[in-house]
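Worksheet for the structure shown next.
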Amino acid sequence: MEHTKCLIIGSGPAGYTAAIYTTRAGIGSVLIEGHQPGGQLTTTTTIENFPGFPDGIDGFQLMDNMRQQAINVGADVRSGLITAIDLSKRPFIATLDGGTAIEADTVIVATGASAKYLGLDDEKKYAGQGVSACATCDGFFYRKKVVAVVGGGDTACEEAAYLSNLCSKVYMIVRKDYLRASKAMQQRVAERENIEILFNTNTLGLFGNNGVEGAHLVRHKGTPDEQAFDIAIDGFFLAIGHNPNTEFLAGQLETDANGYIVTDKVTTATSVEGVFAAGDVADPRYRQAIAAAGTGCRAALDAERYIAEM
Ligand code: NDP
């Protein structure tokens, strides 16, 4: 069976950065890219908050640059999907979708997280044309415009507050009659005059000939008081949570209640020695490309040190 000192799983900023660092450190690592090479950033438009690009950079281009940089330093970047991994014995054994297996002394999990969507056909229809799951990434394109944020948790409140600094008006579409968010986040929303919360409201669909121009909503769905109405918006932001991509781990690493991998407070070490986690899969809080790249670097250095001590 093929053997590697470091198996990097995932190809977002965390995975590629880990590949660059491990390769330059002379550790023979293998990076398996997963089904969406480049990760979440490849589905956004211009990225203006990743330092080093004064005019911004297209998300796909940024990830392609990272991939190319990894390859240029000699990283072994491969397409494929890890479907299962056995972390109970050493070396660890990972199985790929084609059925082949690879042994690894250390593993860096950098599989990211996927934003949850409502499941409406219109979300796909208007993807990149008014539908977004990242206000920090895309909010800037809606300056002085009207947007809606779906969700009533901390993320939704945070995104609504962020957008309220840029947009003329922000609707929050909340399916219950209360916000689930912490009191502090609720307070932040309450302080913004241009945020209007639509409680007991669900989204039925989106409309617009040239990108999103509005949303079909329903209040008190399924009750005698049910009332359908439309709002005019330019942007529709999902903030109903993220799913960290950890299914293939089958519960072998400690996670928090939302499924994010728990790492040591100082390092990227997980509950299994020799396994490190980087990027959004272990980051419920920041979820930024630059933060993911930073933890990718840290995971590579942690793996390097672990291998040296082995
Ligand atoms: P949450 O799971 O906390 O909230 C999700 C929100 O989306 C809820 O209001 C939920 O409604 C709503 N929702 C879920 N599914 C649907 C649906 N199909 N249709 C309509 N609404 C839906 O996720 P968050 O991303 O907000 O937070 C995740 C974790 O990260 C939390 O622990 C949070 O505290 C933390 N976090 C902390 C931050 C901070 O401290 N600054 C910032 C961001 C996140 P309902 O309430 O009805 O279930």
Side-chain angles (χ1 to χ4, degrees), residues 40 44 49 111-127 131-139 147-165 170-192 195-206 212 214-223 226-231 233 235-246 254-263 265 277 279-292 295:
Q40 291 182 70
T44 64
N49 56 9
T111 43
S114 306
K116 289 187 199 164
Y117 284 80
L118 295 171
L120 302 171
D121 288 342
D122 288 339
E123 289 170 319
K124 290 191 197 113
K125 181 175 167 189
Y126 294 106
V131 172
S132 168
C134 179
T136 329
C137 317
D138 298 328
V147 298
V149 176
V150 187
D154 281 325
T155 302
C157 289
E158 196 165 57
E159 306 234 317
Y162 177 83
L163 289 165
S164 73
N165 290 327
V170 180
Y171 290 103
M172 286 184 74
I173 304 172
V174 180
R175 66 179 172 182
K176 291 200 176 129
D177 61 358
Y178 63 90
L179 294 172
R180 181 202 285 216
S182 60
K183 285 278 171 284
M185 295 304 290
Q186 291 191 33
Q187 188 57 34
R188 265 174 76 178
V189 165
E191 284 164 4
R192 306 296 166 96
I195 298 180
E196 180 180 339
I197 306 179
L198 305 173
F199 286 110
N200 299 305
T201 303
N202 285 279
T203 309
L204 299 176
L206 303 169
V212 170
H216 300 298
L217 307 180
V218 60
R219 199 175 279 132
H220 299 296
K221 193 173 176 215
T223 74
E226 182 169 312
Q227 179 198 7
F229 63 106
D230 290 350
I231 53 171
I233 50 169
F236 184 76
F237 287 83
L238 282 308
I240 59 172
H242 282 73
N243 287 323
N245 300 319
T246 54
E254 186 191 342
T255 60
D256 69 10
N258 295 312
Y260 289 88
I261 297 173
V262 173
T263 55
K265 283 197 176 64
D280 285 12
V281 75
D283 179 7
R285 181 174 274 262
Y286 302 105
R287 294 198 292 259
Q288 298 299 303
I290 189 69
T295 52

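Predicted, not measured: the structure shown is a model, and the values here were computed from it. Whatever order the structure lists them in is the order used to number ligands and atoms, beginning at 1.
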Quick check for students: name every N or O atom pair between ligand 1 and the protein closer than 3.5 Å, with distances.
residue, atom, partner, partner atom, Å
ligand 1, 2 (O), Arg180, NH1, 3.4
ligand 1, 9 (O), Gly152, N, 2.8
ligand 1, 9 (O), Gly153, N, 3.2
ligand 1, 11 (O), Arg175, NE, 3.3
ligand 1, 25 (O), Thr155, OG1, 2.5
ligand 1, 26 (O), Asp154, N, 3.2
ligand 1, 26 (O), Thr155, N, 2.9
ligand 1, 26 (O), Thr155, OG1, 3.1
ligand 1, 34 (O), Asp154, OD2, 2.5
ligand 1, 41 (N), Glu158, OE2, 3.3
ligand 1, 46 (O), Arg180, NE, 3.1
ligand 1, 47 (O), Arg175, NE, 2.8
ligand 1, 47 (O), Lys176, NZ, 3.1
ligand 1, 48 (O), Arg175, NH2, 2.9
ligand 1, 48 (O), Arg180, NH2, 2.5

Would you be so kind as to tabulate the donor-acceptor pairs closer than 3.5 Å made by side chains of residues 196-206, with sequence neighbours excluded?
residue, atom, partner, partner atom, Å
Glu196, OE1, Lys169, NZ, 2.6
Asn200, OD1, Asp177, N, 3.4
Thr201, OG1, Leu198, O, 3.4
Thr201, OG1, Phe199, O, 2.6

#### Entry: Polar side chain donor-acceptor pair, Ser114 to Asn245, under 3.5 angstrom
yes
### Task
Can you sort out the partners of Arg192 under side-chain contact (heavy atoms from CB on, under 4.5 Å), two or more places apart, ordered by chain and number?
Ala161, Ser164, Asn165, Asn194, Ile195
### For Asn49, side-chain contact (heavy atoms from CB on, under 4.5 Å) partners two or more places apart
Ile47, Thr136, Gln288
#### Entry: Side-chain (Asn258) to main-chain (Tyr260) donor-acceptor, under 3.5 angstrom
no
### Message
I'd like to know whether CZ of Phe229 has more than 12 heavy-atom contacts from other residues, nucleotides or ligands below 6.0 angstrom.
### Response
yes
